[in-house]
Amino acid sequence: MTSGAPYGNRKVAVAGVALSDCGRVDDATPYALHAQAARRALADSGLDRSVIDGFASAGLGTLAPIEVAEYLGLRPTWVDSTSVGGATWEVLAAHAAEAIAAGHADAVLLVYGSTARADIKAGRRTSNLSFGARGPLQFEVPYGHTLIAKYAMAARRHMHQYGTTLEQLARIAVQARANAAANPDAMYRDPITVDDVLGGPVIADPFTTLHCCIRSDGGCAVLLVAEDRVPDLAKPPVWVLGSGTAVSHTTMSEWDDFTVSPAAVSGRLAFERAGVRPDEIDLAELYDAFTYMTLVTLEDLGFCAKGEGGAFVGTGRLLRDGDLPVNTDGGGLSACHPGMRGLFLMVEAVRQLRGEAGPDRQVRKADGALPRLAVASGTGGWFCSSGTVVLGRE
């Protein structure tokens with residue numbers, strides 16, 4: 001790797017990252033969490049808000065992201081609100097990096113916030129079983145084909161085709177919880193066992209409760225800047241080395257192979273554009289709404305061969321001190337999952353690359369050095385979309 005390898009005409013750096021209050025937040029609006037995360041990310045960068053000329057947000061407001069920009073007091077000249085589910089933030093990061101590289105913006109703020117948990121507790125909203133009954137989805141909704149059921153069907157196919165076991169999937173949840181145990185910001189930190197996972201209430205066969213992500217409140221923000229701004233930063237930059245995006249399907253009948261996600265495409269593109277190989281990556285932050293997502297994304301990004309994910313995850317490899325630390329904050333399975341979690345993946349990856357994760361959960365290489373390369377890969381819908389971003393430090 002060449003440090004700060006050109007993304008386009010200009011190199012692009014992550015200048016600041018931050019979380020808002022997360023977990024159980026009963027006294028804030030989603031807008032307030034956006035603002036809190038944005039202020040903290042700016043403080044982390046050492047830059048003034050006046051430098052922001054680009055803004056990306058999705059998931060809130062009738063005219064997203066205009067409403068959120070207005071709430072934050074921003075008047076951007078570059079804006080994006082592409083919404084593709086959990087992969088939204090890696091896709092928006094790719095778009096922002098391309099805009100900065102081309103000179104269309106100098107500093108782009110990506111920000112997200114949600115009170116999904118608090119809203120349900122207060123009766124302001126209910127859990128959704130489907131994304132709607134219009135368009136192509138109208139042919140599946142009448143049969144009770146929920147989002148969770150779609151993931152469960154895909155997991156069963158992988159189990160049938162490759163011999164993947166429930167115990168192997170359960171070990172993903174166990175390792176995520178072990179990583180969360182060292183994260184003071186994680187919503188759930190108590191250790192769990194494979195038996196705990198397997199013995200829980202069934203949500204959608206074969207998933208029990210602990211195979212599924214938690215529901216939390218929270219927000220986060222990431223500020224991307226052109227290389228020209230790097231001398232003014234409060235901390236050393238983390239460079240955006242490459243990215244890739246891909247979409248697959250909305251109706252299950254149009255999904256060519258339940259065991260292959262669009263990360264197989266977005267990952268290949270991101271690694272090629274970054275000029276690195278999967279075996280050079282020091283840590284991976286992957287979208288994990290369900291344990292099967294982690295397994296199949298690891299395969300599709302090239303960390304193991306197709307069908308070998310079950311064996312790959314069953315050896316403690318995903319732990320902070322494992323061969324390939326994955327979801328080092330505890331992921332959506334244990335740390336936080338307020339909705340479209342993809343931006344949280346980038347925040348954690350940057351903190352790990354900077355060496356800011358703290359003594360109990362900081363990833364280090366075999367020689368004690370800090371990690372140099374990380375990948376953040378988001379998944380949207382029911383494996384409908386994927387965005388992958390490769391990050392590296394000097």
Side-chain angles (χ1 to χ4, degrees), residues 1-20 34-58 65 68-69 72-82 88-112 219-243 270 273-274 285 342-356 372-376 387 389-394:
M1 179 188 73
T2 301
S3 294
Y7 185 96
N9 297 328
R10 297 193 295 180
K11 292 181 288 185
V12 180
V14 180
V17 299
L19 302 181
S20 72
H34 278 75
Q36 187 181 59
R39 286 194 298 268
R40 290 176 179 178
L42 270 173
D44 186 61
S45 73
L47 299 175
D48 186 80
R49 62 182 290 168
S50 62
V51 307
I52 298 174
D53 58 356
F55 185 69
S57 182
V68 180
L72 299 180
L74 300 175
R75 296 293 186 268
T77 55
W78 181 93
V79 67
D80 195 358
S81 61
T82 300
T88 290
W89 298 103
E90 282 67 35
V91 172
L92 287 175
H95 292 175
E98 291 162 1
I100 293 170
H104 297 161
D106 287 326
V108 178
L109 179 67
L110 288 73
V111 62
Y112 176 68
C220 58
V222 171
L223 179 63
L224 301 178
V225 300
E227 58 182 317
D228 315 65
R229 295 285 182 185
V230 167
D232 301 323
L233 300 184
K235 299 176 180 179
V238 169
W239 299 100
V240 180
L241 301 180
S243 64
R273 292 165 180 169
E285 307 297 338
L343 197 57
F344 289 83
L345 310 180
M346 295 183 62
V347 171
E348 177 65 12
V350 169
R351 286 179 167 176
Q352 288 286 350
L353 291 173
R354 286 176 172 176
E356 296 177 343
R372 293 190 65 217
L373 288 171
V375 62
V389 178
V390 179
L391 301 166
R393 65 173 181 84
E394 290 182 327

Tell me whether Arg351 is salt-bridged to Asp44, with the criterion being a basic N under 4.0 Å from an acidic carboxylate O. no

Working to the nearest 0.5 Å, report the span between CZ of Arg229 and CZ of Arg10. 9.0 Å

Does any non-hydrogen side-chain atom of Met346 lie less than 4.5 Å from one of Glu285? no

Separation of Thr88 OG1 from Leu110 CG (nearest 0.5 Å): 10.5 Å

Counting N and O atoms only, with roles assigned by atom type, does the side chain of Ser45 sit under 3.5 Å from a partner on the main chain of Ala15, one being a donor and the other an acceptor? no

Any donor-acceptor N/O pair, Arg49 side chain to Gly73 backbone, under 3.5 Å: yes

Sub-4.5 Å side-chain heavy-atom contact between Leu72 and Val111: yes

Can you check whether Asp106 reaches Val225 side chain to side chain, under 4.5 Å on heavy atoms? no

Tell me, please, which residues at least two apart from Tyr112 pass ring pair (Phe, Tyr, Trp, His ring centres under 6.0 Å). Trp89

Would you name the heavy atoms of Glu90 and Val389 that are closest together and state the gap between them? O-CG2, 3.8 Å

Tightest non-hydrogen contact, residues Ser57 and Leu92, listed as N-CD1, 4.3 Å

Taking the side chain as C-beta and beyond, is there a heavy-atom pair between Leu42 and Ile52 under 4.5 Å? yes

Give me the atom names and distance for the closest heavy-atom approach of Val12 to Ala97. CG2-O, 3.5 Å

Kindly determine whether Val240 and Leu391 satisfy side chain to side chain contact (heavy atoms under 4.5 Å, CB included), including the steps that lead there. CA-CA 5 Å; Val240 180; Leu391 301 166; 4.0 Å; yes

Any sub-3.5 Å donor-acceptor pair from Asp53's side-chain atoms to Ala107's backbone N or O? yes

Between Ala69 and Pro76, the two heavy atoms sitting closest are CB-CD, 4.2 Å

Looking at side-chain heavy atoms only, is the closest gap between Val14 and Leu224 below 4.5 Å? yes

Separation of Phe55 CZ from Asp80 CG (nearest 0.5 Å): 11.0 Å

Can you tell me how far CZ of Phe344 sits from CG of Leu19, rounded to the nearest 0.5 angstrom? 6.0 Å

Of all the heavy-atom pairs spanning Asp228 and Pro231, show the shortest one and how long it is. O-CD, 3.3 Å

Would you indicate whether the side-chain heavy atoms of Val350 and Val222 approach each other to under 4.5 Å? no

Which atom names give the shortest non-hydrogen contact between Val347 and Ala18, and what distance separates them? CG2-O, 4.0 Å

Quick one: CZ on Arg40 to SG on Cys220, what's the gap to the nearest 0.5 Å? 12.0 Å

Nearest-0.5 Å distance that lies between atom CD1 in Ile100 and atom NZ in Lys11: 14.0 Å

